[in-house]
Protein chains: 2
Amino acid sequence: MTLPNPVHISGLTGERFQICYRLSGVQSEDEAYVKANEICVEQTVEFPTDLLPQGDICEQLVGHIESLQRREKAIYEVTISYAVETAGRELTQLLNVIFGNSSIKPGIRVESLELPESLSSIFAGPRFGRAGLRALLNAHDRPLLCTAIKPLGLSARQLADLAYKFALGGIDIIKDDHGLADQPFCPYRERVERCAESVARANRATGLRCIYMPNISTRTDRIVAHVQFAKQVGAGGLMLAPGLVGMDTLREIADDDAVALPIMSHPAFQGSFVTSPENGISHYALYGQMMRLAGADAVIYPNYGGRFAFSYDECRQIVEGTQVMMGHIKSIFPTPGGGMSFEHIADMRELYGNDVIYLIGGGLHRHSGNIVENARFFSQLVQRGRS
Amino acid sequence: MTLPNPVHISGLTGERFQICYRLSGVQSEDEAYVKANEICVEQTVEFPTDLLPQGDICEQLVGHIESLQRREKAIYEVTISYAVETAGRELTQLLNVIFGNSSIKPGIRVESLELPESLSSIFAGPRFGRAGLRALLNAHDRPLLCTAIKPLGLSARQLADLAYKFALGGIDIIKDDHGLADQPFCPYRERVERCAESVARANRATGLRCIYMPNISTRTDRIVAHVQFAKQVGAGGLMLAPGLVGMDTLREIADDDAVALPIMSHPAFQGSFVTSPENGISHYALYGQMMRLAGADAVIYPNYGGRFAFSYDECRQIVEGTQVMMGHIKSIFPTPGGGMSFEHIADMRELYGNDVIYLIGGGLHRHSGNIVENARFFSQLVQRGRS
């Protein structure tokens, strides 16, 4: 034997977190157990089991199958638990234990997470959450309204003019389109300064509390400066795409007491986790549970019936993931968008009720040639039907 | 109309980069054109085309279809070009233009990238590449040998003892298993210090130049400290998982002249990009072109015939992606692993030749109970058959 044997590990608490995986293409219960056991090993010791030392590595660190059930033809669901210590008190390593190598194996999808208090307490989660964002926006009993300044190619001045009009018309949250970065024809600093100023000016006129959320998805070594600048010139929130900058970057910014701004996550470059029902991560876990753990206060995703292919049921699961009990981790706002227009609102109301941010981008340019009027119409449409 | 019209954008150079996408589930050429046009819009202006202002936004910023061809039943390949200015001179935004929102639409896969000199010159790429890593390791005309210290659960002292024996046996690169983070039973700093020291001690005995690569995938706000510590105690390289920490974090570390260490990328939490042939990113583009752009000197991926499901052909495409001409961006080492053992080497030789890093982890514990001997056997096996 090449390794010390047996191995005793001091300090293991016996506390475990549970991950539910969906296994597909599995023809029998025996095959499901084989696949589940492979996950137990792959996500932890990644070592031939017959060569593992006796003791705590085998008994505690290798994942445990807690339950396994057939769901439908060739589909099983297995719950595997892992020692909380494997996650090393950090989000990156927790994600690594949940799905690091198994992400590369076809037919495995992360369905849901269940973390004990000893693990969830490591994460602060969303700073604002639903209640905090409502308080900030002074919007207590209605859906929130969001739009994006676009298209790419307008100057900072032109986008700031749009932001002013949106705010005047009663939009709650005005965010950068996610394609606005630091392009030469619309530099980040100029855009953020102008847009924040425009929204503040509109707020003085309306008495409302609209906030502007610039897109801070940029080079790793510039994000902090982007955030500080946004804060300094009065941006009321931030938007970033964890698929581009890493989920822990979201956590870092959410946790920063010197920032203390609400954050919206954008799904760019993250879609490959959800485009196949057999692989990746469920809508519930990715857009709900993981975005909450990482600290987003609102999560953007494409609504059913728009330009993308999410189903009604997948959107319903996202809503559930944004509000299911997760210890002290606050519930957050589902923010369905992606080709939404006024016509969709009546139907969406039934699924989302009041706890939603309606995101209409390009569609807000269609009603009439007057942006302020279009925003007001949007606002009235939502207010009229509030639950 | 709600927007200024027409819009003229100053400073556009006319330079464009090209992305080849594979479209699946497409029944006719007309349908393929519709889908391709949707990508042109989705990845740039994300705005209803009938409401777009005339001028440069329509003519320059919206993607252009450069070519479209039927490949097989229901499969088309389309090449779309984008103005280099849309990428805002940063990797995060380049990735966003390539696949941000389209990653969420089923049936679209990124096949390959073609960047003009004006764009590729923004990226330094790998600091070492194949030639630099060979010079560093003094291994000029043979495949390189790599293993991982594991399993999770051993103490820093026990892992350092393994590292010593591997180095003594002639391994070139000894990396952390990717599940080793900063767990209480094996803290990062203690492990890195002990392993770097062990490898240096073995090198003094052998006269070889083995390097140790710790896993620096950690919290965003701790990576720089992790890297500095590794450098300070004499680690000869670094390993990180861009799927966990973001691709631009890899670039940042690769670009840092004060670090100047070779970097190996690990595929953890990135598998969902490649588990479906219809979605995500091709093996060629992800493990080859993108890892090079981001600055990896070697790219780990699961070899065909191991615990994972990559095919021979997909591995061949990765090799091609690691070495295809990309302006000044250096070629890098394919590092196939994932359940490899001595028995695989003869077969792998044919595909990989000399320009490969053989990564055998757990399999190196099987040959005999003597780790030094097993490493020597691995080395002789590879040397014997060198091309």
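Naming: A, B, ... by sequence-line order, numbering from 1 per chain.
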- prompt: Where do A:L152 and B:I57 land on the side-chain contact (heavy atoms from CB on, under 4.5 Å) test, with the steps shown first?
  reply: CA-CA 8 Å; A:L152 181 75; B:I57 293 181; over 6 Å; no
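- Annotation: side chain of B:R89 is not in contact with side chain of A:Q183 (no heavy-atom distance under 4.5 Å).
- Within the 4.5 Å cutoff, side-chain heavy atoms of B:F269 are placed close to those of A:I281.
- Remark: B:K105 is positioned above the aromatic ring of A:F308, its terminal NZ or CZ atom under 6.0 angstrom from the ring centre and at most 45 degrees off the axis.
- Of all the heavy atoms in B:S217 and A:T92, the pair that sits closest is O-OG1, 4.3 Å.
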- prompt: Can A:I104 and B:Q270 be said to form a side-chain contact (heavy atoms from CB on, under 4.5 Å), step by step?
  reply: CA-CA 7 Å; A:I104 317 173; B:Q270 210 184 33; over 6 Å; no
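- Applying a 4.5 Å heavy-atom cutoff, the residues of residues 175-182 of chain B that approach chain A are B:D177, B:H178, B:G179, B:A181, B:D182.
- The choice from A:T249, A:N370, A:V7, A:N374 that makes the most heavy-atom pairs within less than 4.5 Å of chain B is A:T249.
- If you measure heavy-atom distances from A:R366 to chain B, the contacts under 4.5 Å come from both the backbone and the side chain.
- Side chains of A:R219 and B:L91 form no contact here, defined as non-hydrogen atoms less than 4.5 Å apart.
- Proximity to chain B is limited to the side chain of A:P302, based on heavy atoms less than 4.5 angstrom apart.
- Looking only at distances, no side-chain donor or acceptor of B:K150 sits under 3.5 Å from a matching main-chain atom of A:F47.
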task: Please report the C-alpha distance between B:N279 and A:S272 in whole Å, then the side-chain angles of each, then the deciding distance to 0.1 Å, and finally whether the side chain to side chain donor-acceptor pair (under 3.5 Å) criterion is met.
output: CA-CA 7 Å; B:N279 307 310; A:S272 301; over 6 Å; no
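- The closest side-chain heavy-atom distance from B:L61 to A:P151 is not below 4.5 Å.
- Two residues are said to be in side-chain contact when any heavy atoms from C-beta on lie closer than 4.5 Å; A:S276 and B:T275 fail this criterion.
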- prompt: Can A:E90 and B:T218 be said to form a side chain to side chain donor-acceptor pair (under 3.5 Å), step by step?
  reply: CA-CA 7 Å; A:E90 55 186 11; B:T218 185; 2.5 Å; yes
